[in-house]
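Working notes, beginning with the structure itself.
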Number of protein chains: 2
Amino acid sequence: MVRARSEERRADILRAALEVIAERGYRGATLGSVAERVGLTQQGLLHYFPTKEALLVAVLEERDRWDTSGGRDREGWRLDLLESLVEYNAMRPGIVQTFSALLGESVTDGHPAREFFTERYAQVRANMADVLRLEFGERLPGGLTPERAAPLLTAVMDGLQYQWLLDPSAVDMPGAFRDFLRLLRGDAP
Amino acid sequence: MVRARSEERRADILRAALEVIAERGYRGATLGSVAERVGLTQQGLLHYFPTKEALLVAVLEERDRWDTSGGRDREGWRLDLLESLVEYNAMRPGIVQTFSALLGESVTDGHPAREFFTERYAQVRANMADVLRLEFGERLPGGLTPERAAPLLTAVMDGLQYQWLLDPSAVDMPGAFRDFLRLLRGDAP
DNA sequence: CGTAACCTACCGATCTACAGGTAGGTGGGT
DNA sequence: ACCCACCTACCTGTAGATCGGTAGGTTACG
């Protein structure tokens, strides 16, 4: 079963790339250090992914697949599932760090992940709007439409991640996110 | 007046560094490209800032000075001044991009700006809490304490910046921020 | 006043260290 | 016999940093 072994290798490489990108960002990551982590030479790695950028694209695609599986894309989430997602993220600093680092880099000129993130955020906002509409209808308790609240919801998730990554002990990410949801719901504390 | 000329040069260099970091991030920025922008060689630049990291530190310090002048530090802002700040930022994509790129990078291991941002965010949250307390007292209309709302306020500002940088036409940053403030205030739309 | 000593603001050459990528193998499984 | 999964060797480019200048101005002092 050579084929299976090969697929396994690719998965190993992607996992290692995720780690290295988390540690050093995309620009700071080197093929050599990714290769080393899976017991390959840099050139051996290039056998699987012909360029550094191809590796990045594969990483992003996998993230996409992971995101859209679990029923997010069409079916959508519900608000309480978002809450669990944040809790889940709080236990996986590695993944959060990878994508926060990439997001930060991606706003620089000509970054290979820029288009990916641009499209992704458009889609995420649309998803968020759907979730909110499902939960609240055309007007949230605070008076916003789902479309107006969606960028805020997205921003809170991302912004909290940065604060939490910089100092996990200073920010209770899931707690703060719940606070925000309460704000959206217009609940009393 | 050799001294004055020198100070001017340093200021030029810092401005150029800000630009280059916005375009390529810190890791992607090169001393040569910064130097070129002010009509120096790379070695000439190193005469003013002995290492790349020293240059970054100087950039961050200047930002700090800029931030804390204008009466932010002790006296604090008020909520409506925050609103103007966001509007102001929306007209200065360069600055926003520089610090968003740096923030993103700074969560990677051993990044020279990491400590700076960690401390800075602690301070920003404290400032935000003060602003909120000044405006609302110990309980905001939504029921949160100033300390609980501060990370959210901060997160919204940062998160919106990323969405806006990726696609300015897709996000009305000042508008969205006002929406959030309305949520905090518990106003009807 | 003049000149020697010194300082400031640079530049050219060069070193070291990778980084990404190419070319051309080799060896084991099918 | 063949091909997939690698490796060795190597090339090219680039980045940060050091070294040793040089030109021009400044200061100290006889």
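Here is how names work: the chains are called A, B, and so on, in the same order as the sequence lines, proteins then strands, and each is numbered from 1. Atoms considered below: every heavy atom in the structure, side chains included; atoms not considered: hydrogens, waters and symmetry mates. A quick note: this is a predicted structure, and the numbers were derived from the prediction, not measured.
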Within the structure, does a side-chain N or O atom of A/Ser6 lie under 4.0 Å from either OP1 or OP2 of D/dA5?
-> yes
Charged N to carboxylate O below 4.0 Å: is that the case for B/Arg114 and B/Glu105?
-> no
Can you list, pair by pair, the side-chain donor-acceptor contacts under 3.5 Å of residues 81-88 of chain A, counting residues two or more places apart and other chains?
residue: A/Ser84; atom: OG; partner: A/Asp80; partner atom: O; Å: 3.0
residue: A/Glu87; atom: OE2; partner: A/Arg178; partner atom: NH1; Å: 2.9

Can you sort out which residues in residues 97-117 of chain A have a heavy atom within less than 4.0 Å of DNA chain C? Ascending by number, please.
-> none
Listed partners of A/Ser33 passing side chain to side chain donor-acceptor pair (under 3.5 Å), at least two apart | A/Thr30
Any salt bridge between B/Arg78 and B/Glu135, counting N to O under 4.0 Å?
-> no
Provide, to the nearest angstrom, the distance between the CD atom belonging to A/Glu36 and the P atom belonging to D/dC7.
-> 12 Å
Whole-Å distance between C/dA9 P and B/Asp12 CG?
-> 14 Å
Nucleotides 18-22 of chain C: which of its N/O atoms have a protein N/O under 3.5 Å away?
residue: C/dG20; atom: OP1; partner: A/Ala29; partner atom: O; Å: 3.4
residue: C/dG20; atom: OP1; partner: A/Lys52; partner atom: NZ; Å: 3.1
residue: C/dG20; atom: OP2; partner: A/Leu31; partner atom: N; Å: 3.0
residue: C/dG20; atom: N7; partner: A/Gln42; partner atom: NE2; Å: 3.3
residue: C/dG21; atom: OP2; partner: A/Lys52; partner atom: N; Å: 3.0
residue: C/dG21; atom: N7; partner: A/Gln42; partner atom: OE1; Å: 2.8
residue: C/dG21; atom: O6; partner: A/Gln43; partner atom: NE2; Å: 3.0

Which is it for A/Tyr26 and A/His111 under the ring-ring contact (aromatic ring centres under 6.0 Å, His included) test, yes or no, and what are the steps along the way?
-> CA-CA 10 Å; A/Tyr26 170 69; A/His111 193 281; 5.6 Å; yes
How long is the line joining CD of A/Glu7 and P of D/dC4, in whole Å?
-> 14 Å
Is B/Phe49 reachable from B/Val57 through a run of I, L, V, M, F, W or Y residues, each pair having side-chain heavy atoms under 4.5 Å apart?
-> no
Side-chain polar contacts of residues 151-160 of chain A - donor-acceptor pairs under 3.5 angstrom, sequence neighbours left out - could you list them?
residue: A/Thr154; atom: OG1; partner: A/Ala150; partner atom: O; Å: 2.8
residue: A/Asp158; atom: OD1; partner: A/Tyr121; partner atom: OH; Å: 3.3
residue: A/Asp158; atom: OD2; partner: A/Tyr121; partner atom: OH; Å: 2.6

Sorted by first residue and then second, give each salt bridge (Lys or Arg N to Asp or Glu O under 4.0 Å) pair with at least one member in residues 25-37 of chain B; sequence neighbours left out.
-> B/Glu19-B/Arg37, B/Glu23-B/Arg37
Does a side-chain N or O from B/His47 land closer than 4.0 Å to OP1 or OP2 of C/dA9, or not?
-> yes
